[in-house]
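Heads up: the structure comes next, in structure tokens.
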Amino acid sequence: MSQNPTKHTKVLIIGSGPAGYTAAVYAARAMLNPILVHGSEPGGQLTTTTDVENFPGFAEVIQGPWLMDQMKEQAKAVGTEMIEDHISNVNLKTSPFEATGDSGQKYSAESIIISTGAQARWLNLDSEQEFRGFGVSACATCDGFFFKNKEVAVVGGGNAAVEEAMFLTKFASKVKLIHRRDSLRAEKMLQKKLMENKKIEIIWDSVVEDVLGDKDPKNVKGIKIKNVKTNETQELKLDGVFIAIGHDPATQLFKDQLEMDKEGYLITKADSTETNVPGVFAAGDVKDKIFRQAVTAAGMGCMAALEAEKHLSHN
């Protein structure tokens, strides 16, 4: 089989979503002719989000997949080359940088923008996946608003779970925090606030076994939980379930080449998207575990493209 010649680019963008597409728009408009390589399901986490009400510029509710489609078309229209491939190998020690796709295609790049994102961890119950977007969510800031005066549960015990539970008390009438152990991992200050909040009830030593609900129209009616110490099960009536057991950033590819924190998020310089390797930038959820919003990811994509342009003009 004949090998496709190496594709060379000034800017290689790995990953799509709001960060990757925005980086592509800015890089293309700077005449850098970027190549964006995306997997078989481009658009990232927003493609599994239905109603988006918090992206600036849209007074009406828009759909996540539609928004990603628009960003992709915009990036294409201004001159981004889009390639469906899965980058399986990168070498950041060479100049230019090198990458190889599953397709066998080789890429060389004078700068790289990483926007491979992160994925919410799920409980991996069939019922949970079935009701995703219909009462099951992994993002309170995205979806809390839909649960005004309703009862919800948050599953988890770390900072994220406690913060989500606190946030949800703004909308929900009651929040049950379900944790599989008998103590929380969250920091003490947060725990204190949580315990003082009258709307929150903690259910210890318990795991969710099933999400219960109606099929048509789809909506969550409750959950079945099991106490891990007594093995007793019970059903709780609820309108929504928020899974807050962490995220996994897609950074395996960069192990031992880029600095990351203990959870695998890429570390960038303060007020910058530059990693510890000059010319390699990271934008969006692959480096951001605090905000995790489409608009902040897009903002970082813009920063990364501008920083890449500056890097190229200096070198």
Side-chain angles (χ1 to χ4, degrees), residues 1-44 47 68-117 249-260 266 268 273-284 286-287 297 300-315:
M1 100 177 218
S2 66
Q3 199 59 57
N4 289 341
T6 296
K7 281 187 176 285
H8 182 73
T9 179
K10 291 192 177 83
V11 184
L12 175 65
I13 301 166
I14 305 175
S16 50
Y21 291 147
T22 307
V25 167
Y26 275 82
R29 288 176 53 96
M31 299 302 171
L32 298 174
N33 303 322
I35 290 177
L36 184 150
V37 179
H38 61 77
S40 55
E41 293 174 16
T47 55
M68 287 303 89
D69 218 43
Q70 292 293 304
M71 284 194 192
K72 182 181 185 180
E73 291 308 314
Q74 183 181 12
K76 264 186 176 157
V78 290
T80 304
E81 184 182 351
M82 301 262 175
I83 299 173
E84 183 183 322
D85 196 357
H86 178 262
I87 302 284
S88 48
N89 203 312
V90 292
N91 184 351
L92 305 179
K93 299 193 168 56
T94 58
S95 178
F97 305 119
E98 291 167 354
T100 314
D102 280 349
S103 65
Q105 177 68 57
K106 287 185 162 37
Y107 306 85
S108 71
E110 290 162 51
S111 68
I112 293 182
I113 294 172
I114 300 164
S115 51
T116 47
T251 52
Q252 281 301 111
L253 191 54
F254 311 103
K255 282 269 187 296
D256 305 323
Q257 297 197 70
L258 291 177
E259 272 177 23
M260 35 185 99
L266 296 178
T268 57
T273 62
E274 189 165 51
T275 65
N276 60 306
V277 175
V280 179
F281 306 89
V286 75
K287 67 135 286 180
M300 276 182 264
C302 161
M303 288 164 64
L306 296 176
E307 289 187 290
E309 181 188 15
K310 197 170 172 184
H311 170 83
L312 294 167
S313 65
H314 287 190
N315 293 291

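Using modelled atom types, one side-chain atom of Thr275 and one backbone atom of Val277 make a donor-acceptor pair closer than 3.5 Å. Formation of a donor-acceptor pair under 3.5 Å by the Glu274 side chain with backbone atoms of Gly279 is found in this model. Between the side chain of Gln257 and the main chain of Leu92, a donor-acceptor pair closer than 3.5 Å is present. Thr47 places a side-chain N or O within donor-acceptor distance of the main-chain N or O of Gly44, the cut-off being under 3.5 Å. With hydrogens and angles disregarded, no donor-acceptor distance shorter than 3.5 Å links the side chain of Ser115 to the backbone of Gly284. No donor-acceptor pair under 3.5 Å is formed between the side chain of Thr80 and the backbone N or O of Val25. Thr9 contributes a side-chain N or O that, together with a main-chain N or O of Asn33, makes up a donor-acceptor pair within less than 3.5 Å.
His86 meets the side-chain hydrogen bond (donor to acceptor under 3.5 Å, both in side chains) test with Asp102; sequence neighbours excluded.
In the displayed structure, Lys72 atom NZ is contacted under 6.0 Å by more than 12 heavy atoms of other residues, nucleotides or ligands. Annotation: Phe97, atom CZ; neighbour count of heavy atoms from other residues, nucleotides and ligands within 6.0 Å is above 12.
Met260 has its side chain within reach of Lys255: a pair of non-hydrogen atoms, C-beta onward, lies under 4.5 Å apart. Pro18 places a side-chain heavy atom less than 4.5 Å from the side chain of Met68.
Exactly one residue among Thr94, Thr6, Asn91 makes a side-chain contact (heavy atoms from CB on, under 4.5 Å) with Ser108. That residue is Thr6. When each of Met82, Glu81, Met71 is paired with Lys76, the side-chain contact (heavy atoms from CB on, under 4.5 Å) condition holds for Met82 and for no other.
In this structure, NZ on Lys287 lies 9.5 Å from CG on Leu266, to the nearest 0.5 angstrom. Note: Tyr21 OH to Glu73 CD = 9.0 Å, rounded to the nearest 0.5 Å. Between the CD1 atom in Ile14 and the OH atom in Tyr107 there is a gap of 9.5 Å [rounded to 0.5 Å]. Here CZ of Phe281 is found 10.5 Å from CE of Met303. Values are rounded to the nearest 0.5 Å. Note: Thr273 OG1 to Glu307 CD = 3.5 Å, rounded to the nearest 0.5 Å. Rounding to the nearest 0.5 Å gives a distance of 11.5 Å between CD1 of Ile13 and CD1 of Ile83.
For residues 15-26, no pair satisfies salt bridge (Lys or Arg N to Asp or Glu O under 4.0 Å), with sequence neighbours left out. Legend: salt bridge (Lys or Arg N to Asp or Glu O under 4.0 Å) pairs involving residues 19-29, not counting sequence neighbours: none detected.
For the residue pair Glu259 and Asn276, the shortest heavy atom distance occurs at N-OD1, 2.8 Å. Residues Pro42 and Gly39 approach most closely at CD-O, 3.7 Å, considering heavy atoms. Heavy-atom minimum distance, Ala28 versus Val78: CB-O, 3.4 Å. Between Val286 and Gly117, the shortest heavy-atom contact is CB-N, 3.6 Å. Between Ala99 and Ile87 the shortest heavy-atom distance is CB-CG2, 4.0 Å. Across all non-hydrogen atoms, the minimal contact from Gly101 to Asp85 is CA-OD2, 3.4 Å.
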Task: Audit row: Ser40, Glu84, side-chain contact (heavy atoms from CB on, under 4.5 Å) steps and yes/no - done: CA-CA 6 Å; Ser40 55; Glu84 183 183 322; 3.7 Å; yes

- [ ] Show your working on side-chain contact (heavy atoms from CB on, under 4.5 Å) between Leu253 and Thr116 and close with a plain yes or no.
- [x] CA-CA 10 Å; Leu253 191 54; Thr116 47; 5.6 Å; no

TODO: Go through the steps for Val37 and Leu12 under the test side-chain contact (heavy atoms from CB on, under 4.5 Å), then give the verdict.
DONE: CA-CA 8 Å; Val37 179; Leu12 175 65; 3.8 Å; yes

Open item on the list: Please evaluate residues Leu258 and Ile114 with respect to the criterion side-chain contact (heavy atoms from CB on, under 4.5 Å), reporting the C-alpha separation (whole Å), side-chain torsions for both, the decisive distance (0.1 Å), and the verdict.
Closed with: CA-CA 11 Å; Leu258 291 177; Ile114 300 164; 3.5 Å; yes

TODO: Take Glu110 and His311, measure what side-chain hydrogen bond (donor to acceptor under 3.5 Å, both in side chains) needs, and give me the verdict at the end.
DONE: CA-CA 9 Å; Glu110 290 162 51; His311 170 83; over 6 Å; no

